[in-house]
J.: 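This is the structure I have questions about; it appears just below.
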Amino acid sequence: MQQNRNIQIIEWEDLDKRKFYSFGVFMTMTIRATVYPATLIRTRLQVQKGKSLYNGTFDAFFKILRAEGVRGLYRGFMVNTFTLISGQAYITTYELVRKYVSNYSKDNTVKSLVAGGAASLVAQTITVPIDVISQQLMMQGQGKHLTRFRVKLKTEADGKTKMAFGQTRNMIAQIFAADGFRGFYRGYVASLLTYIPNSAVWWPFYHFYAGKKDFESWKQLSKMAPSDCPHLLLQAMAGPLAAATASTVTNPMDVVRARVQVEGRTSVIETFRHLLAEEGFWGMTKGLSARIISSIPTAIVMVVGYETLKRVSLRPELVDSRHW
């Protein structure tokens, strides 16, 4: 019974790849659309000086909603959808590296940590240029005075700013004119220092909280939950816990990353020192609540979607051999 109680990990070789990628694109797009407003709010909170613009996550949400409407919460979303590419690259790298590391170690913690870090390295190489552009667009509207680049926005009769076509092209041209091609990789090192640890921490903690086999001596959710509790529910609970843990650990670097990319700074260390001198220790927690709030639905949707995706994509001959 105890063996059945442990959640089985579906590995790369167990999957029907055609189903996996077809459903994966839809799942990733759904996640992006769901959490994008929280990502925009987090960026504005991290870049503002002190509380010059917003007093917190909910204050920012209502102010943006009143001044810019629902569309204001989705500034830069269209260009951000290109992260679908990096999302697929992340999943593929994670699964392939897990498979490769398993040749040298059967320890799930080691496989998850190495694979998570490697997947983030590949994904960030694709994502950073998209982030640089989308973050600049996020800051337009109420946050435009905090950026080096501005696009012309039309104002409607009710005073709300109107989304206009061509903003992405205009922003790309401004970034290239000011910084050249390197401008699209501004903050690349800071992104790696943020997301590689975040990913490397998230996966081991997710498997720990969910109660995967290699952690059976720990007091995970699977040991505390009723025996008839669905595994997918345990995984849905484990995802947000892992996300909150990883977000808290890596938030200081995330604040530095946002400052580097939006303000056009060149030195990660200098930005870190400047932030400490300007706002002290609490400056490192800026946007943390927004980041956790955004990470919770992201983690739930991602975990439920990803685990369901893997089960739906399981090779037919393996379906009856797995206990859920």
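Because the structure is a prediction, the values reported are computed rather than measured.
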J.: Work out which heavy atom in Tyr100 is nearest to a heavy atom in Tyr104; give both atom names and the distance.
T.: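 Nearest heavy atoms, Tyr100 then Tyr104: OH-OH, 3.4 Å.
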J.: Do Val122 and Leu96 share a hydrophobic cluster (ILVMFWY, side-chain heavy atoms under 4.5 Å, transitive)?
T.: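 As far as the 4.5 Å side-chain criterion goes, Leu96 and Val122 are not connected within one cluster.
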J.: Using the side-chain hydrogen bond (donor to acceptor under 3.5 Å, both in side chains) definition, which of the options Lys63, Arg44, Gln48 pairs with Tyr54?
T.: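 Among the candidates, only Arg44 passes.
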J.: Are His145 and Met139 close enough, and set up right, to give a side-chain contact (heavy atoms from CB on, under 4.5 Å), and what steps lead you there?
T.: CA-CA 8 Å; His145 64 285; Met139 297 305 296; over 6 Å; no
J.: Whether the side chain of Thr81 engages the backbone of Met78 through a donor-acceptor N/O pair (distance < 3.5 Å, no angle test) should be reported.
T.: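 Present.
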J.: Decide yes or no for Thr285 and Trp282: does some side-chain heavy atom of the first lie under 4.5 Å from some side-chain heavy atom of the second?
T.: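 A side-chain contact under 4.5 Å exists here.
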J.: Measure the OH-CG distance between Tyr36 and Leu73 for me, rounded to the nearest 0.5 Å.
T.: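 So the gap between those two atoms works out to 10.0 Å.
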J.: Between atom OG of Ser102 and atom CG of Asp107, what is the distance when rounded to the nearest 0.5 Å?
T.: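 That separation rounds to 12.0 Å.
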J.: Quick check on Arg182: does its CZ atom have over 12 non-hydrogen neighbours (other residues, nucleotides or ligands) under 6.0 Å away?
T.: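 At most 12 heavy atoms, drawn from other residues, nucleotides or ligands, come within 6.0 Å of this atom.
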J.: Strictly distance-based, threshold 3.5 Å: is any side-chain N or O of Arg32 a donor or acceptor partner for the main-chain N or O of Leu84?
T.: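 Judged by distance alone, no pair lies under 3.5 Å.
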J.: Between CG of Leu275 and CD of Glu270, what distance do you get to the nearest 0.5 Å?
T.: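 Rounded to the nearest 0.5 Å, the CG-CD separation comes to 11.5 Å.
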J.: Just so I know, are the side chains of Glu263 and Thr147 near enough to count as touching, which here means a heavy-atom distance under 4.5 Å?
T.: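 Glu263 vs Thr147: side chains apart.
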J.: Side chain of Ser120, backbone of Gly116: donor and acceptor closer than 3.5 Å?
T.: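 Absent.
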J.: To the closest 0.5 Å, what do you measure between CG (Asn251) and CG (Leu288)?
T.: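 Rounded to the nearest 0.5 Å, the CG-CG separation comes to 4.5 Å.
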J.: Where do Ala290 and Leu45 come nearest, in terms of heavy atoms and distance?
T.: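 Looking at all heavy atoms of both residues, the shortest contact is CB-CD1, 4.1 Å.
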J.: If you apply the rule side-chain contact (heavy atoms from CB on, under 4.5 Å), what do you find for Val256 with Arg259, and how did you get there?
T.: CA-CA 5 Å; Val256 173; Arg259 291 285 180 100; 5.7 Å; no
J.: Under 4.5 Å between side-chain heavy atoms, hopping through other hydrophobics if needed: is there a path connecting Leu192 to Val132?
T.: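 Both belong to a single hydrophobic cluster.
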J.: Would you kindly say whether Tyr90 and Ser199 are connected by a side-chain donor-acceptor distance under 3.5 Å?
T.: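 The answer is yes; a qualifying pair exists.
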J.: Just by distance, no angles: are the side chains of Arg291 and Thr250 close enough, under 3.5 Å, to form a donor-acceptor pair?
T.: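 Their side chains do contain a donor-acceptor pair, which is all the 3.5 Å distance test asks for.
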J.: Same cluster or not: Met138 versus Phe62, using hydrophobic residues (I, L, V, M, F, W, Y) connected whenever any side-chain heavy atoms lie under 4.5 Å apart?
T.: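 Yes, one cluster joins them.
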J.: Quick check on the hydrophobic clustering: are Ile41 and Met284 connected, directly or via other members, by side-chain heavy-atom contacts under 4.5 Å?
T.: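 No, Ile41 does not connect to Met284 through the hydrophobic network.
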J.: Is there a side-chain contact between Ser191 and Thr127 (heavy atoms, below 4.5 Å)?
T.: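 No, too far: nothing below the 4.5 Å cut-off.
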J.: Do Gln235 and Val304 have side-chain heavy atoms sitting under 4.5 Å apart?
T.: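 SC-SC contact between Gln235 and Val304 ruled out.
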J.: Would you say the side-chain atoms of Thr194 pair up with the backbone N or O of Met253, donor to acceptor, closer than 3.5 Å?
T.: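 Yes, the answer is positive, given that a donor and an acceptor are paired below the 3.5 Å cut-off.
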J.: Between atom CZ of Phe208 and atom CG of Leu241, what is the distance when rounded to the nearest 0.5 Å?
T.: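 So the gap between those two atoms works out to 9.5 Å.
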J.: Looking at every heavy atom in both Leu40 and Gly72, which two are closest together, and how far apart are they?
T.: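 For Leu40 and Gly72, the tightest heavy-atom pair comes out as CD1-O, 3.4 Å.
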J.: What heavy-atom pair brings Phe20 and Ile91 nearest, and what distance separates the two atoms?
T.: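 For Phe20 versus Ile91, the nearest heavy atoms are CZ-CG2, 3.1 Å.
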J.: Between Leu53 and Asp59, what is the shortest heavy-atom contact and its length?
T.: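 Looking at all heavy atoms of both residues, the shortest contact is O-OD2, 4.4 Å.
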J.: Do Asp179 and Phe184 make a side-chain contact, defined as non-hydrogen atoms from C-beta onward lying under 4.5 Å apart?
T.: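 In short, these two side chains do not touch, never coming nearer than 4.5 Å.
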J.: For Tyr195 and Asp254, what are the C-alpha separation, side-chain angles and deciding distance, and is it a side-chain contact (heavy atoms from CB on, under 4.5 Å)?
T.: CA-CA 8 Å; Tyr195 291 112; Asp254 194 45; 3.5 Å; yes
J.: Between Arg273 and Glu278, is the closest basic N to carboxylate O distance under 4.0 Å?
T.: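 Salt bridge flag = no for Arg273 with Glu278.
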J.: Answer yes or no: does atom OH of Tyr185 have more than 12 heavy-atom neighbours from other residues, nucleotides or ligands under 6.0 Å?
T.: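 Yes - once you tally the heavy atoms of other residues, nucleotides and ligands closer than 6.0 Å, there are more than 12.
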J.: Does any N or O in the side chain of Ser105 come within less than 3.5 Å of the main-chain N or O of Val101, such that one atom is a donor and the other an acceptor?
T.: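 No, because the side chain of Ser105 does not come within donor-acceptor range (under 3.5 Å) of the backbone of Val101.
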J.: If you measure from CD1 on Ile130 to CG on Asn80, what distance do you get to the nearest 0.5 Å?
T.: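 The CD1 atom of Ile130 sits 7.5 Å away from the CG atom of Asn80.
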J.: Mark yes or no for whether Thr92, through its side chain, and Ala89, through its backbone, hold a donor-acceptor pair below 3.5 Å.
T.: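 No, the answer is negative, given that no donor and acceptor are paired below the 3.5 Å cut-off.
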J.: I'd like to know whether the aromatic ring centres of Tyr209 and Phe205 sit less than 6.0 Å apart in this structure.
T.: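 Yes, the ring of Tyr209 comes within the 6.0 Å limit of the ring of Phe205, centre to centre.
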J.: Which heavy atom of Ala236 sits nearest a heavy atom of Val303, and at what distance?
T.: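 Taking Ala236 first and Val303 second, the nearest heavy atoms are N-CG1, 3.9 Å.
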J.: Can a side-chain donor-acceptor contact be found between Gln261 and Asp131 if the only test is distance below 3.5 angstrom?
T.: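 Note: Asp131 and Gln261 side chains miss the donor-acceptor criterion.
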J.: Look only at the side chain of Gln140 and the backbone of Phe149, and say whether a donor-acceptor pair between them is shorter than 3.5 Å.
T.: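 Yes, the answer is positive, given that a donor and an acceptor are paired below the 3.5 Å cut-off.
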J.: Going by an N to O cut-off under 4.0 Å, is there a salt bridge joining Lys286 and Glu279?
T.: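 A salt bridge links Lys286 with Glu279.
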J.: With no hydrogens and no angle check, is any side-chain donor or acceptor of Ser295 less than 3.5 Å from a backbone partner on Ile292?
T.: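 Judged by distance alone, yes, a pair lies under 3.5 Å.
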J.: Can you check whether Val114 reaches Val110 side chain to side chain, under 4.5 Å on heavy atoms?
T.: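 Yes, their side chains come closer than 4.5 Å.
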J.: Evaluate side-chain contact (heavy atoms from CB on, under 4.5 Å) for Val97 paired with Lys111, printing each intermediate quantity in order.
T.: CA-CA 8 Å; Val97 173; Lys111 290 191 288 186; over 6 Å; no
J.: Do the non-hydrogen side-chain atoms of Arg98 and Asn108 ever get within less than 4.5 Å of each other?
T.: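 Yes, at least one pair of side-chain atoms sits under 4.5 Å.
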J.: Spell out, as yes or no, whether a donor-acceptor pair under 3.5 Å connects the side chain of Gln174 to the backbone of Arg150.
T.: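 Pair found, side chain donor or acceptor close to backbone of Arg150.
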J.: I'd like to know if the side chain of Tyr74 and the backbone of Ala33 have a donor-acceptor N/O pair within less than 3.5 Å.
T.: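 Side chain of Tyr74 to backbone of Ala33: a pair is present.
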J.: Determine whether Arg257 and Val268 make a side-chain contact, defined as any pair of heavy atoms from C-beta on separated by less than 4.5 Å.
T.: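 The answer is no; the side chains never approach within 4.5 Å.
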J.: Do Leu113 and Tyr94 belong to the same hydrophobic cluster, where Ile, Leu, Val, Met, Phe, Trp and Tyr are linked whenever their side-chain heavy atoms lie under 4.5 Å apart, directly or via other members?
T.: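 No, it is not one cluster - the side chains of Leu113 and Tyr94 are not joined through contacts under 4.5 Å.
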